[in-house]
Amino acid sequence: MSLGDLKNTKICYPENETWFICWDNTRENVMAYGSILPTQCMETPWTEVDYYDNEAEWAEVLIENGIDPFPPEPIEE
Amino acid sequence: MRRALAKSLGAVEERFVISVKTDNAGGSADNQFTIPTSTTGITQAFNYDIETSDGQIITDVTGNTTITFPSAGTYDIFVSGSFPYMYFNNGGDKLKLLDIKNFGIYALGSTSQINAFRGCGNMDITATDIGHFENVTGFGNAWQNCLSLTSFPLLDTSSSTNFQSTWAGCSSLTSFPLIDTSSGAIFGNAWRGCSSLTSFPLLDFSSSTAFSVSGLGAWGFCSSLVTFPSNAFDASSATNYAGAFSSTNLTTQSIDDILVSLDTSGVSNGTFTQSGGQAPSATGIAAKDSLVAKGWTITYTA
């Protein structure tokens, strides 16, 4: 499935901060992630989008997929 | 080896000159200051002489050295010879350094300034010269968390590919100069938390590949940032702008200009975040729509 085949996903003005994970159509790869504030909209071409009202649950899913959403401050050496 | 230590009247100051307050917190005693060095990325060895404002002369130093003063206080330290890299890395006597008064010979023979002045929270830079940064390829973390830094000099940064976290946390910076970033690829976290910046210059991001690292965006939490130039990202190939403009205070014109510039870049499959500030106008929304059609995930103030 190409991007052109996808319908956009859009969410605006959630009542509370809402965390999201965008997956590709196989749901095997995380394509984007973040959070949406009550003053924001998020729009993506990906249709497989999961929403979380609990940041810890969101983080757990990301970590299970090899992404640490709370990495330590990057330090270069 | 003995060099001419004293600056002659009217001559250009070629020494690296710093001011230190010895009884600020640090790793050395209250009447001492330790000069930290690193040999990573240097192309000429340390071999320097020191003169201090209380009249001490120390010659032929080849690495770290601790200067002992007669009593606690504020002193100037004049360094001549070969001194490519001061390396605090958030430790040692970082809080004792008050001012870089002159760069002079500093950074000559250096290709790395990574972590150099990181954590020097009491340091300002009043130097009006530009040192010898022309061969430095990495400035990562170099001035991170320099909380007292109010302005930044127009150093030669033209060779640097890496600006990751370089000025992050410099919360007193009120302006930023038009430095040469034409070789810069990595800008993640570069100005994050520079909460006193209100505007930003049109830097050259033509070599850029990322404006976020681990979700920490380049201008995130620049909470006073209102104005951002148009066309900034036209020539960029970066896709990662996650958190790049989180918790900023951008005007509609600025967020429009950013979204239009991202669209102009023609890059696909990116991620972009804006929060705080004003929402984009129809112009910005059209650019956002175009970006989403190219695979971008856009989170924006609405």
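Naming: A, B, ... by sequence-line order, numbering from 1 per chain.
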Side chain, backbone, both or neither: which part of Thr9(A) has an atom under 4.5 Å from a heavy atom of chain B?
-> neither
Hey, mind stepping through Met42(A) and Ile298(B) against side-chain contact (heavy atoms from CB on, under 4.5 Å) and telling me if it holds?
-> CA-CA 6 Å; Met42(A) 184 278 288; Ile298(B) 308 280; over 6 Å; no
Do Trp296(B) and Glu43(A) have side chains that get closer than 4.5 Å, going by heavy atoms?
-> no
Interatomic distance, CG@Asp289(B) vs CG@Asn8(A), rounded to 0.5 Å, equals 8.0 Å
Residue part contacting chain A, namely of Asn90(B), when any heavy atom lies under 4.5 Å = neither
What is the distance from atom OG of Ser275(B) to atom CD1 of Ile36(A), rounded to the nearest 0.5 Å?
-> 12.0 Å
Minimum heavy-atom distance Pro45(A)-Thr297(B), with the two atoms named = CD-OG1, 4.3 Å
For the side chain of Gln40(A) and the backbone of Gln274(B), is there at least one donor-acceptor N/O pair under 3.5 Å apart?
-> yes
Distance from Thr273(B) atom OG1 to Leu37(A) atom CG, nearest 0.5 Å?
-> 10.0 Å
Tyr13(A) atom OH, over 12 foreign heavy atoms within 6.0 Å = no
Carefully, step by step, assess Thr271(B) and Tyr33(A) under the rule side-chain contact (heavy atoms from CB on, under 4.5 Å).
-> CA-CA 9 Å; Thr271(B) 302; Tyr33(A) 61 93; over 6 Å; no
Please check if atom CD in Glu64(A) has more than 12 non-hydrogen atoms from other residues, nucleotides or ligands closer than 6.0 Å.
-> yes
What do you reckon, is CG of Asp53(A) surrounded by more than 12 foreign heavy atoms closer than 6.0 Å?
-> no
